[in-house]
Amino acid sequence: MKIRACAAARRLRRQKWRERMCRRSIGGPGQLKNRLVLEFDLLFYTFGQFGTVVWSWICLFIYSLLVPYKVLSFWGSWYPKSKHKLLLSTCLGIFLLVSQTCVLCIFPIYVVNHYPLPPASSFIVILEQVRFLMKTYSFCRETIPVVLQDESKEKNAKMPSLSSYLYFLFCPTLVYRDSYPRTPYIRWKYVAKNFAQFLGCVFFLYFIMVTLCTPVFKNMSKQPFSTKTLVLSIFHATLPGTFALLISFFGFLHCWMNAFAEMLRFADRRFYKDWWNSKSFSNYFRTWNVIIHDWLYYYVYQDLLWLLKKRFRTGVMLAVFLISATVHEYALTMSFGFFYPVMFCLFALFGGIFNFMMNDKRTSPIWNVMLWTFLFIGQGIQLCLYCQEWYAQIHCPLTEKTFWGLVTPRSWSCRL
């Protein structure tokens with residue numbers, strides 16, 4: 001009995017020691033060496049209130065599936081035989097615009113701010129909001145000209161089927177077509193492999209944040225500000241920032257997209273190209289995310305050129321940069337809960353400048369080295385400044401909410 005009691009006491013002491021080691025592993029930079037982070041409190045917090053995310057997504061999906069399709073179907077069936085085509089189109093257009101604004105624009109913002117959702121949950125809601133907005137716009141943009149063209153030929157327009165539109169809402173593309181190339185069968189092992197890799201990327205990102213970012217940035221508000229400290233912090237964030245960029249790219253644009261493409265037998269798997277070999281920023285922007293690039297090219301760049309009669313190409317390209325940078329910054333602002341336009345400045349300002357300076361005429365390999373260097377520095381700046389601001393918001397909360405207080409970064413003045 002004494003031997004069993006001693007063995008039980010040793011197991012209990014060993015368990016308590018392990019728990020202390022796990023807690024200390026996220027305590028500070030000097031306590032991270034040769035230790036594994038086994039606690040997932042931060043991960044559970046980041047993806048918290050998942051039930052709210054689910055029911056809000058269901059609302060967005062049901063609206064995106066039924067309302068735009070029914071409005072366009074009603075308009076397409078009555079437009080050819082209507083005597084008041086302009087009045088009919090105006091009334092239905094206003095109704096669709098108001099409903100899109102209320103459900104796909106205001107409702108997700110209300111959900112994120114009212115509950116409030118943690119960062120990852122907020123990011124999911126906002127990304128789905130943007131995705132449904134882009135999908136419904138593409139559906140309307142591709143369907144309306146068909147109805148008008150058929151009406152000019154004095155024949156009834158053939159509206160898309162609800163099943164094809166439903167397939168479009170799930171397939172990994174943002175450009176609507178009545179049909180897509182399909183693979184003959186589904187490789188379920190390939191689907192499981194991609195989902196497992198995506199889950200591994202999520203845990204890898206969590207491990208990077210907890211071990212390389214949290215211990216460094218959570219106490220920066222307690223130190224006196226200096227340019228040297230800021231520069232050293234940016235260089236410290238360069239490696240984890242680059243890891244986050246590459247892991248996010250592989251996890252989402254490769255694993256997640258290929259898993260859904262395989263389940264839906266979607267044959268076009270060109271979600272990205274060899275952006276890592278780019279010698280110019282213009283080629284990098286075209287090849288990093290082909291899905292987003294195609295939508296911006298067809299519905300922003302080409303349509304603006306058509307409206308401006310193929311003039312002001314430089315201005316149109318800058319408008320595309322501004323729209324893309326604004327949406328990226330909007331997603332980060334709503335996810336983090338504060339306004340700090342680091343992404344917007346780097347994307348719209350420096351990205352636009354480098355797009356014209358490092359164009360497709362650059363063919364030397366040195367330009368690829370320069371592109372990677374700028375990517376490293378940019379990721380370090382973003383990760384450093386956003387982490388500083390996150391902890392400054394925690395350490396120095398606003399005593400009185402004013403407009404300038406909400407839009408001014410707290411990390412500029414927070415010193416404990």
Side-chain angles (χ1 to χ4, degrees), residues 59-110 128-171 173-180 292-324 326-327 330:
C59 294
L60 293 175
F61 168 72
I62 292 176
Y63 166 82
S64 300
L65 175 64
L66 298 179
V67 176
Y69 181 81
K70 291 299 181 180
V71 169
L72 283 183
S73 298
F74 181 81
W75 177 75
S77 61
W78 284 94
Y79 182 81
K81 51 189 176 183
S82 175
K83 297 181 180 179
H84 305 283
K85 291 182 172 60
L86 181 60
L87 180 61
L88 176 67
S89 302
T90 302
C91 293
L92 291 179
I94 293 174
F95 171 78
L96 185 59
L97 180 62
V98 171
S99 60
Q100 290 280 99
T101 303
C102 293
V103 180
L104 291 185
C105 294
I106 299 176
F107 173 70
I109 298 175
Y110 170 79
E128 286 300 288
Q129 172 198 19
V130 175
R131 186 177 73 91
F132 282 128
L133 276 171
M134 298 173 78
K135 291 250 186 187
T136 53
Y137 180 85
S138 175
F139 176 71
C140 297
R141 174 63 179 78
E142 297 294 338
T143 304
I144 291 175
V146 174
V147 175
L148 295 177
Q149 184 179 6
D150 291 342
E151 191 271 339
S152 63
K153 295 180 180 180
E154 297 182 354
K155 62 179 183 179
N156 294 329
K158 183 180 179 181
M159 295 297 298
S161 62
L162 183 61
S163 60
S164 64
Y165 179 54
L166 175 63
Y167 181 83
F168 169 65
L169 288 180
F170 283 99
C171 69
T173 181
L174 295 174
V175 179
Y176 176 77
R177 296 291 184 265
D178 291 333
S179 61
Y180 300 94
I292 300 295
H293 169 266
D294 288 346
W295 193 93
L296 291 172
Y297 178 77
Y298 286 120
Y299 303 130
V300 179
Y301 182 76
Q302 284 195 340
D303 285 358
L304 285 178
L305 279 182
W306 177 77
L307 289 173
L308 298 174
K309 299 180 179 179
K310 297 185 178 181
R311 296 177 296 176
F312 312 111
R313 289 181 179 270
T314 303
V316 171
M317 190 177 298
L318 289 176
V320 173
F321 268 96
L322 287 175
I323 293 173
S324 181
T326 302
V327 174
Y330 163 75

Problem - No-hydrogen, no-angle side-chain donor-acceptor test under 3.5 Å, Y176 and S164 - result: yes

Handout entry: Side chains of T136 and Y63, donor plus acceptor under 3.5 Å
Key = no

Find out whether [X] and [Y] are in side-chain contact, i.e. whether some heavy atom of one side chain is under 4.5 Å from a heavy atom of the other.
| X | Y | answer |
| --- | --- | --- |
| V175 | Y299 | yes |
| Q302 | W306 | no |
| Y301 | I323 | no |

Problem - With sequence neighbours excluded, residues passing side chain to side chain donor-acceptor pair (under 3.5 Å) with T314 - result: none

Fill in the blank from the handout: Contacts of T173 meeting side chain to side chain donor-acceptor pair (under 3.5 Å) (sequence neighbours excluded), chain-then-number -> none

Measuring from [X]:[atom1] to [Y]:[atom2], what's the distance to the nearest 0.5 Å?
| X | Y | atom1 | atom2 | answer |
| --- | --- | --- | --- | --- |
| T101 | L104 | OG1 | CG | 9.0 Å |
| Y330 | I109 | OH | CD1 | 3.5 Å |
| I94 | L96 | CD1 | CG | 11.0 Å |
| D294 | L174 | CG | CG | 8.5 Å |
| Q100 | F95 | CD | CZ | 10.0 Å |
| L304 | L308 | CG | CG | 6.0 Å |

Taking [X] for the side chain and [Y] for the main chain, is one N or O donor matched with an acceptor at less than 3.5 Å?
| X | Y | result |
| --- | --- | --- |
| S138 | M134 | no |
| Q129 | C105 | yes |
| S324 | V320 | no |

Exercise for the section: For atom OH of Y297, decide whether the heavy atoms of other residues, nucleotides or ligands shown that lie under 6.0 angstrom number more than 12. Expected result: no

Under the salt bridge (Lys or Arg N to Asp or Glu O under 4.0 Å) definition, can you give me all pairs with a residue in [range], not counting sequence neighbours?
| range | result |
| --- | --- |
| residues 95-109 | none |
| residues 304-317 | none |
| residues 128-145 | E128-R131, R141-D303, E142-R177 |

Smallest separation among heavy atoms of [X] and [Y], with atom names:
| X | Y | result |
| --- | --- | --- |
| P145 | C140 | CD-O, 4.2 Å |
| L166 | F61 | CD1-CZ, 3.7 Å |
| L60 | V103 | CD2-O, 3.5 Å |

Ignoring hydrogens and angles, write down the donor-acceptor pairs under 3.5 Å from the side chains of residues 67-78, residues two or more places apart or on other chains.
| residue | atom | partner | partner atom | Å |
| --- | --- | --- | --- | --- |
| Y69 | OH | P160 | O | 2.7 |
| Y69 | OH | L162 | N | 3.1 |
| S73 | OG | Y69 | O | 2.8 |
| W75 | NE1 | S89 | OG | 2.9 |
| S77 | OG | S73 | O | 3.1 |
| S77 | OG | F74 | O | 2.9 |

Handout entry: Proximity of F168 and F139 rings by center, below 6.0 Å
Key = no

